Each structure stands twice: as C-alpha cells, then as structure tokens.
Student: 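Take this structure first; my questions come after.
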Amino acid sequence: MDQDDYLQAIVVGCDFTDDLRQITPQPFQTKILNIPILMYTIEFLAFNGVQEIIVHTGTSNGKTPVFLQKCRKIFGSKVKIIPFEGVDCTCTVDVLRRAQEELLLKKDFLLVPGCLISNIDIKDLVVRFKKRKKKDPRNILEIIAKRSPTTNISPYQNSESARPLIGVNKKTRELVYFEEDYQNSTAKLGPPLSVFKDHPSLKIYSNLTDVNIYICSIDIFSIFEIDSRTMNDVINVALGNAEIQTAKITVTVFEKGYAATVNSFPSMYKVSMDLLMRWLFPIVPEMNSLSDTNFRYYRSFSYREGNVVLGKKIKIGENTLIGQYAEIGHNSSLKNTIIDRHCTIGENVKMKNCIIWSHVQIEDNVVLEDCVIGAHVTINKNCVIKNSVLDNHTTIGEEKKIENYKICSQDFSNLKLKATEIEIEGGSNYDVGDEGNYDDDDDDDDDDENEDEDGENERKKKLKEFDHKSILGENSIGFIYDNKGIYQRKINEKLQQEAKEIESYSTSSSEEYSDSESYSDRQNEGNNSPNSNDSLESNSDIEKEKQNDFIPKVFRNFENGIDDEYDEYEKQIEIIFRKCLDKNYEIEFLVSEIRTTGIAYRMTDMGSVVLKLILKIANEHSSQSDSTTSNSSLEVSKEAKINFFKKANSLIDQYFGVIKEFIKESQSLALDLIQVIFKYCMENETALSWYVHFLKKIYDLEIVEEETMINWFNSIDEKKKNSENFQSIQENLEKFVSFLQDAEEESGEDEDEEYDEDEEYYDEEYDENEEYDQEEYNEDEEYDQEEEK
Amino acid sequence: MQSQNTIKNIVDEFIRKVRRAEITDSYQCAVQTWKILKLIVASCNEEDLFKETKYFGKMLINANPLEMSIGNMVRRLLFIINKESGQGSKENKNVEKEKKKSSKQETIKKLNKTKISKTKTNKFLHISPPLRTLRHSKSLSDFLLKTDKTKSASAFNLTLLNDKNKNNIKNEIQKSMIDVEEELKFTHDAISEQGIDLIHANEIILTFGYSKMALELFQEVYKTRKFEVVVAESSPNYSGHKMAVALSKLKIPTTLINDSAIFSIMSKVNSVIVGTRFVMANGGLITDIGFHNLAIAANVHSLPFIVLFGNYQLSPFFPYDQDTFNIMRSPDEIFEQSEMTNLSEKVHIINPQFDYVPPNLITLFINNENGQQPSYIYRIVQDQYSTQDFVEKD
C-alpha cells in the first residue's frame, strides 16, 4: 500500500537555457512575485501528493541546501526535499541518468523543470498511470500538455514558440505521432498517411505548449540512447521503434488550469502578470502560503505588504505588487509593476511593465518601461530606461537614456561569451543544448558555432567598444552585456502578424486541419486516405501561391512605413558597416557584427540590407564627387552615373563575401536581394540604367540561381511593369532573362518544361507592350566597356 | 496527550489543505477545526489554555480568513473558555442568560408562527444545553477532582485561582466542546426537521446551487408532501448540476435553469429556500456569487427568501459592501486561457467568489434551533461569541 502510493519527483533545477542566467547566475534566484520560483514548483508537486522531491541543483558550493532548508520549513515534514548535485550535467537526460546511477529513483516519478508554475491537478493521472503500468509494463511515459493560447506566438516564449505537432489515439490516449517544433519546420507536411491508417480515431493537436511535466516509469531508462539530450529526443526514439513497441507513451491535454515555465525575461514578466491576475488560484499573493510575505489584496489586482510608505498623489494602477518597507515618493505612478522589499523610489517616477527586485534605489524623475531591475541597483536622477535588464549591484549615472541594453555587473569582455554557452564564476557550464534561443531561422547552426569560436576575440573587442561610461554615466557601475534588451520578440510578432494577414486564408484552412478533430472517428480507411490527400494537396498549392506572393520583409516594412524597429535595425547595421569601411576591418569581423545585430532584432535578411547599404553608399559617393564637379546641373550627370557604378561594383566585389555569408543557400533570401536591387533602381535614376548589370553581377558571383531570377521576373506584377522606369529597362531585362534561361536549359533538363511554358506565356504578353530605349542600352554598354578598361 | 510538535504538524497540514483548496466545504472546515481545537485543549495546561488557543487559532484563521467557519469555531472555543473561567460574575451572567433565553423565545413566538413539533425537535434543540446547566453539574465534580494550584500572573489565571478548581474548568470546557461537536453533527437534522413548516403541498421551490442542508430538508419534507424544485445552476462552479442530480435521485421533480433565467422563472415559484456560506452579524449573507440577483428577484416578486444555516456559519463581522469579504478566483473558470488571443489579452477578467446579500432582502433564517429574523441575528452572535475575541482582531 505504502509502496504503491509512494511518489517521487525530480526537479531539474536549471533549465539549460541562459536567458535568465545573466541576472541570476546561481540557480533558483529568480523570483516571481517576490517568491523564489522553485517554491511554486515544489508547491505544485506537494499539491499533487509527491512525498519525495529530488532537486537537481547543478552546483556543489553548498548554497542551495540552505535554500532548501527554507523549503522544508514551509512544506512541512510530509514532503521530503532532497538536494542532488549533478554538477556536470548538461541536459535533462544527463540529470536523470546521474540520479539513476546514484540510486535516488526508486519507483515511478514525476519529472518537472525547476521553473514550472502550475496548479494542474494530476493526482488522478498518476493513479491511472500506475494502473495502466501494472496491466502493461510497456507504459513508461505520460506527457502532460496544456492547450495554449491561439496566438501565433506564445506570449511565454522569447523566441518563436516551438510547438509540437502531436497525434494522439483518441481511445487509448497513446502518442502515435510527434513532430518537434512544427511551426518552424520547413516541410509542413504533417503526419504520414500510415498514421491515419493505423489509428482510425486520431486527434491531432498543434496548439499545445509543452509544459515539460512528465510522469515516468522507472523503466524509462531502457529507451535512453547515448545521444538523447532532451525529453523530446527520448520521445522520438520511443516512437522510432514503433514497430517493436517497446514503449508506450500516453498524452494528457489539459484545457483548464494554469501551467507555464519561466525561462526568459518576457515569460518572467508575463507569468508574473498572470499570477497577479490570479490565474494560479488558489495560490494567490494574499494567501501568503509560499513565503513569509503578508500581502493584502486591493482593488484592480494590486497588492501591498505592510509597512509600505506611499507619498502624496501616487497613482497605483492595475496589476501592481509592492513589497514590505518600500518607500515611494510623491506624484509617482506605477502600472503593471512588481516591487520587491526594501526599495526606495523617489518623486515623479514613472514605472510601467517593470519588475524591480529588492533594495533598489531609484531617484527622482526616473522613467522606467519594460525593465527588469536586479537587486541593490541604484538609478540616479532623470534617467530614462526602456526595454532593458539591469543586473544586481549595478549603478546608473544621472540623466542617462538607456534603451535595449542588458547591463551586467561583471565585465563580460573578459569572459567566454558564446551564444550557446556561458561560463559563470564559480559555477558550472550551462549548455543550451537543443533548447537554445538562437536557433530561429539559421539553417547553419554548426557553422555559426565554429565562427563564434573564431570570432571570439572580435566579440570581446565589440564589448570593449561599447563606451560603458558614456552610456551608463560617469559614476556608474556596470558593463553592457548586449544591446538586445528584453523584447526582441515584439518585432517578430509584428512580422508574424503581417505574414498572417497575407496568408490568412491558408492558415485558416490549415488550422482547421490541425486543430479540429476532423480526422477522428473515421472508421473507414477508404474514406480516410483520399480526404487527407486532398487537404495535403491543397496545402501544397497554397504553399506555391505563397511563394509567388512573397514580398521580402524589407519592403513590407517600407511600404507600411511605420516600423520603427526595422528602421532601427537597419541603422544599426549601417553604423557597423560604415565603421568597417572607415577602418578597413576584416570581413569576418563584419560578418559576425552584422549577424549579432540581426539576431538581436530577430531578422534574417541581413544580406539584402547589406546590399542596399552598398548601393546607398555608392550613390552618396557619386553625388559627392558630382557636387564638386558640376554644381548647377539638375540632371544626374553621366559622370556621376559612372562613378556610382564603379563604386558600387567595387564595393560589391569587396563585400560579396559578406552577402554570401548571409544568403547561404537560401533562395528566398536571394529573392530578397533581387527585390532590393529592383526597388532601389526603380527609385533612383542614377542606378536605373545599371539594373541589369547588378543582376548580372550577383548572378556571376553565384549568389543567386538562375531559377530564382526567372521566377522573380515572371512574378513582377502589372503595375510595376507599366511604370516608366520599368519600361526603360525592360528590354535589357528580357535579354538577360533569356540568357539565364539558356543557361539553365544547359544545366537542368528536368525543370525545363515547366519554365518553357511560363516563358512562352510571358513572352506573348511582353510582345504587346514592347518598348524600350535603345540608346540607353548602348550607353550602358559603353559604360561597361569603360569599366573594363 | 499530544505533544506540542505533533499538534503544530497537524495544524500546518490543515492549513496547507485549506490553502490548496482541498477542503472547500465550510462544514468540513468547521468539523476539522473543532477536532484540532479539541486536540489543542487536551494537550495543554489550563494556564496556557487561552493563550495556546489564541495562538493556534490565529494560525488557523490566517489559513484563509475568508473561510469564516474556521474563525467561528475558534471564537466559539474562546467564548467557552472565557465563560467557564470567568466565574466571578457567574450569577450575574446567569441572570442575563436567563433573560436572553426568555426574550428570545418570546420574540420567536411572536415573529414566526412556525409550530415545531416539540416531541421531534426537542432532542435536537437540547443537544446543546445552555452553559448554565453545565455549571450546575460542576459542583459535583468539584469534590471529585481537586489538584494542585500554581500561581501565575496572568489575568486569566487570577480568575482561575479565584475559582479554586482549575482542573475542573478544563473538564468543563471539554464537556462543552463535546456539546458543540454534537450540535455540529446534528445541524443538518435539526434544520431539516423544521422544513415541514416551510413547504406546503404542490409548491414550487427555487433553490440555488448545491447545499447539503437544502437537499436534506427537501428529502425530509418530500416524505410527507409532494412539491417541485427548480435549481439554478450557480455558475461558474455549476454546483447546481450536482444538486439537480441529487434531487432527481430522490425522485423529487426537478428543473435545472441557468442563473440568468432566475428572474423570468420567479413568477412561477412559491418560495425560495437556499443554503448559504456564511451569515453575518447584521443578518446579511456572504455567499456564492449570484445570490444577490436571486434575492432581489425574490424581493421584487414578494416571495419569501428563506435561508438555512448552521450555527457554525454565523460570523460575528459586519459586512457593508461587496468587496470587503470577497476573494477573486481564477479567470480560468470563466475564460479559458487557450482562447486567449492577442486581442483578448487586454481584457480584465474578474471572477469574484462571494456575493453580499443585504439583510433587508431576507425573509427568514432557519438555524439549528428555529426560525430567526435577520434583525435578530446579532443576538445569536452575542450568545455565541464574546466581543473581545473579534474586536481586538490582530
């Protein structure tokens, strides 16, 4: 009886992501509503009847046990809390293996991350799991998932959310299909037909958040493979051996209840707000059940502890929480803000969307927006800080404007600074593994890493380049860690929304396909397969259309003309690029610089931005020389045109390596390039005549393939075609395209037919409005010849 | 005898359960609190009795101050201890009690003409004998139990010394506690006994949500009379569904309606009989959300609005608005998180658990003993609790 009821849980202390690590080098320091996050995790486990909790601390400096003693006090004698130092563990599976080696795990156990906040009741699930396991020992794992908001981007994730696509047998709740990171995968094919055949009643979920709660049997170690790192790997392995059926995995999806993990600054803020809005009921601040707090609830989700001193005319808005001994001066206002204990805040301070930890001193007239402020921070008068993170023990000087920075108390330029690995003083290595934040759209992670190692010195250089004192103030303490700020995701969200508008019809259909139970309850195989075929086909049709409609991000933003972030991003790159031009840095350095900026703004089209810059700089160069020679001429002189092309040509030659670095093999990005040139040439008379030359140039440099160019050419819409500028270059363009087609016919036999058809079709069309300037073309050739000389 | 440590553990465990909302039923809360209080009384000396009870009582109350049945039980014990030890003014108080008792019965007779079959109800009515009778029996045990006295400076102990029979006091307290326990145990029976006077044949009764008291009352009455029950579902906890199922199992004709339909169905209803969470000292109710609508609807239609409550639900506080005794529950109950989109993120979702129903909307209270007017509730409060125990709160 006792044996059967005994339930263990293992808490994997560090999530192996490094976003929060910067401000909390020691694990378990992160606080949500002034309470350490581990408290919520342990409360969740204790609530679900776990008797023994093994906490993986990842450190051996003996600090965590002291912390765990506090936990023991709060959770009483019924729950045993055991610290477990798995010092060198670099991933979840490592921790499990080590725990197994040390014979800590006895029977079935729960596996949760140390950053879990939830109030889901899984008591019944555990009982059922045990029963099932008795019947069939192959039941070794139960995944607990939560229906997530239907937004495109999970508000709890920093990067684009990695949502799995999961197929579950409706009757047995068995997992039959699993695709990690469904949204970011390129194929978008979904489960193979055999899955539908084998399981007539199937439920497919695409909108689940993986809350990383697993009920594991002790036999789970049998399916671990050497290269398994995350639980997703383990699941994939188990599903891979489906024919042998060594392991059965069940899935339970919760619609109600709250579950979230905190592993980044945005999720930290979002979860805090959720908790203030009482999603975690009955664990609400005024219950004061998890710590020695004494909060009281006031209206509109604001909470206060005792001994808070408030000045006159303070505006305390919604979703606020103020800890003990806080002092807030007159006329200050706060909204969506959490203030820990012992904070002193001056007069006329405006705070919005901030998390402020204990012992922070904020002087008069400071404005804070979207900030996370660590403990013992001092911010002097008249500062404006937006979208930034300040580490513990930093100080900001007077009247500084700080935006989009992460600021550390240590000088990281002397430390290893890799995107995937951070070494912390006295701590251990935290390897991001598969859950890294930087794996967005880069198809070339491996190259990245190598480069990072090579570019190590440059990174340090870059950090040193920040003039810390001038940004942070004379009497400041602290160093800039990076210039990404908290909310990179905002930009992405915007882009995603725009993309959503464009493909609205396609997503609506695909959502139906993935979300609903349309595949369930089909008894007949015959019915099954044709239907799914249909939908897959229609999907791929849509794909194609989307390809044609594709507008590069550069223009989408310019046409909308309001995207400040994008402007900012371009400006950043421009600054870097110009610096490089002036000082003649090495190309590798430039590449790494631009890449960091790109990552920072979550953009992928660095290549086209660079190309645009080249054109811009070349233009400036030509106009400068122009102004010296002929002041009065309104028309662009020939000389200027030649100058422009010369300059541009040499710049492209010089920096084509950079562009190529960003384009890699991706032809969609290459398409951006063509668009950039096209747009630029259409808008600038100087460049217009050189359009085809540029195209040829990037073709010769093997950045863009023939096929992409032809496709693009075919997809130019009528409006543009009818514009004057376009008609002036049309002839050349057509010539060039036909040249390309010839070239392609030589290279590829298979695709010929398709394009021949297209070609014919368009040729007919073009014949009608055939009109071009022969002279200009001749001029062009002349310039070309001059160039060659 | 339990050691102090084990009691602390038991108290902690109970507090954790309350905080995790594992015990939500206020009756269960009251019963378990009383059990714990019994353990506390049993474990400590008379000198520490009051202090210890207060200490643990505070802890228990803080587990969830809005689960008022816990606090009610704690204050009840404090009242008993006070009464038993405060023998100095024994006679005066007895006289006072007598007066209260008689005046109470008079008013009852005047105000409600509920004829309670005395043979039946007497066993319940006298389950909790007034403290006066207990004190009379004390003289006997005075002789039997005499123990050593120790001097202490506390005011409480001074009164004890005056009384010269310390150990007896503890015994008496324990006896009174058993009486209260009995009262708790038979609360539901005592109330359903009175149901026969509230429901007439072929009436249609409206009730709201799940209430064990109302259910047992209907069951009792249905043995003699036929009537119909309409159940409002009580969103967002939908306990009305449970009630409707339970009623139909008893073969009582049942109709389930949603809360919004209350007003429109009110004209077909003969009376409203509901359970409650807590009855406040001013005769108002602090109870599940939705009751205020119901009470106003009944008031508009001039229907009797009858509230059943056990003495453990009677709280000595005076509410005055909707917010003071209230707690916001998770928005999850009314708005699924998975429905959240970018647009709806900015919507404030407010899900209060309790409703305050002012006393002027209530026709009659039925408690363990008999029917009471809302305006009379404060007297019962005075009989159950001593003012100092809830006025000097914190």
Side-chain angles (χ1 to χ4, degrees), chain A residues 43-44 46-49 73-79 119-121 123 146-155 207-209 253-260 270 273-284 286-290 294 296-301 318-319 493 496-497 500 515, chain B residues 3 5-24 29 58-67 236-238 321-354 394:
Chain A
E43 166 66 26
F44 165 73
F47 169 68
N48 283 303
K73 232 187 206 171
I74 284 162
F75 291 101
S77 54
K78 260 201 160 182
V79 183
N119 62 358
I120 290 176
D121 186 350
K123 276 176 244 165
K146 170 89 179 58
R147 279 282 283 278
S148 64
T150 39
T151 44
N152 233 6
I153 289 182
S154 162
N207 56 346
L208 299 179
T209 358
V253 176
F254 276 85
E255 310 257 332
K256 290 261 170 189
Y258 185 83
K270 178 72 181 133
M273 287 305 129
D274 282 346
L275 260 55
L276 286 184
M277 285 188 257
R278 312 176 79 81
W279 283 94
L280 202 66
F281 187 89
I283 307 162
V284 288
E286 81 257 29
M287 276 292 175
N288 302 313
S289 54
L290 296 182
N294 59 349
R296 278 194 63 192
Y297 176 71
Y298 294 83
R299 277 177 208 200
S300 71
F301 305 118
E318 59 204 25
N319 304 332
E493 210 164 52
Q496 284 259 337
Q497 266 175 357
K500 209 177 165 188
D515 194 1
Chain B
S3 79
N5 241 349
T6 38
I7 285 187
K8 182 110 194 346
N9 281 344
I10 291 166
V11 169
D12 278 353
E13 201 50 41
F14 177 71
I15 288 172
R16 238 167 268 134
K17 271 187 178 168
V18 170
R19 281 186 172 161
R20 283 178 194 149
E22 283 173 7
I23 317 171
T24 44
C29 272
K58 224 174 202 174
M59 278 172 72
L60 288 167
I61 290 168
N62 279 337
N64 185 355
L66 284 167
E67 185 51 68
N237 58 32
Y238 302 109
D321 65 355
Q322 293 287 356
D323 293 326
T324 342
F325 294 96
N326 213 339
I327 186 164
M328 300 294 163
R329 290 177 70 87
S330 168
D332 202 32
E333 288 170 355
I334 51 176
F335 193 88
E336 262 178 45
Q337 206 190 11
S338 50
E339 288 168 13
M340 277 272 195
T341 59
N342 283 339
L343 291 175
S344 56
E345 232 172 31
K346 281 172 187 161
V347 177
H348 281 251
I349 306 163
I350 286 173
N351 180 15
Q353 183 171 13
F354 297 128
D394 300 327

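All heavy atoms count here, side chains included; hydrogens, waters and symmetry mates do not. The structure displayed is predicted, hence computed values, not measured ones. A, B, ... follow the sequence lines: proteins, then strands. Residue 1 opens every chain.
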Student: By a 4.5 Å heavy-atom criterion (distance strictly below it), what part of A/K256 contacts chain B: side chain, backbone, both, or neither?
Tutor: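 Contact with chain B is through both the backbone and side chain of A/K256.
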Student: With chain A as the partner, which of B/R19, B/K8, B/E333 has the greatest number of non-hydrogen pairs under 4.5 Å?
Tutor: B/R19
Student: Checking A/N119 side chain against A/Y258 main chain: does a donor-acceptor pair fall under 3.5 Å?
Tutor: yes
Student: For the NZ atom on A/K123, are there more than 12 heavy atoms of other groups (residues, nucleotides or ligands in this structure) within a distance under 6.0 Å?
Tutor: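 It does: A/K123 NZ has more than 12 such atoms within range.
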Student: Is any side-chain heavy atom of B/H348 closer than 4.5 Å to one of A/E318?
Tutor: yes
Student: Please confirm whether the backbone N or O of A/W279 pairs with a side-chain atom of A/D274, one donor and one acceptor, at under 3.5 Å?
Tutor: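 Answer holds: no.
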Student: State, to 0.1 Å, how close B/A21 and B/T24 come at their nearest heavy-atom pair, and which atoms those are.
Tutor: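 That closest heavy-atom pairing would be O-CG2, 3.6 Å.
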Student: Tell me which of these, A/Y297, A/F301, A/F75, A/F281, has more heavy-atom pairs under 4.5 Å with chain B than the rest.
Tutor: A/F281
Student: Could you check which of B/D12, B/N64, B/D323 has the highest count of heavy-atom pairs closer than 4.5 Å to chain A?
Tutor: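 Most heavy-atom pairs within the cutoff with chain A belong to B/D323.
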Student: Taking side chain as everything from C-beta outward and backbone as N, CA, C, O, which of these in B/N9 sits under 4.5 Å from a heavy atom of chain A? Side chain, backbone, both or neither.
Tutor: side chain
Student: Side chain, backbone, both or neither: which part of B/R16 has an atom under 4.5 Å from a heavy atom of chain A?
Tutor: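 For B/R16, the contact with chain A is made by the side chain alone.
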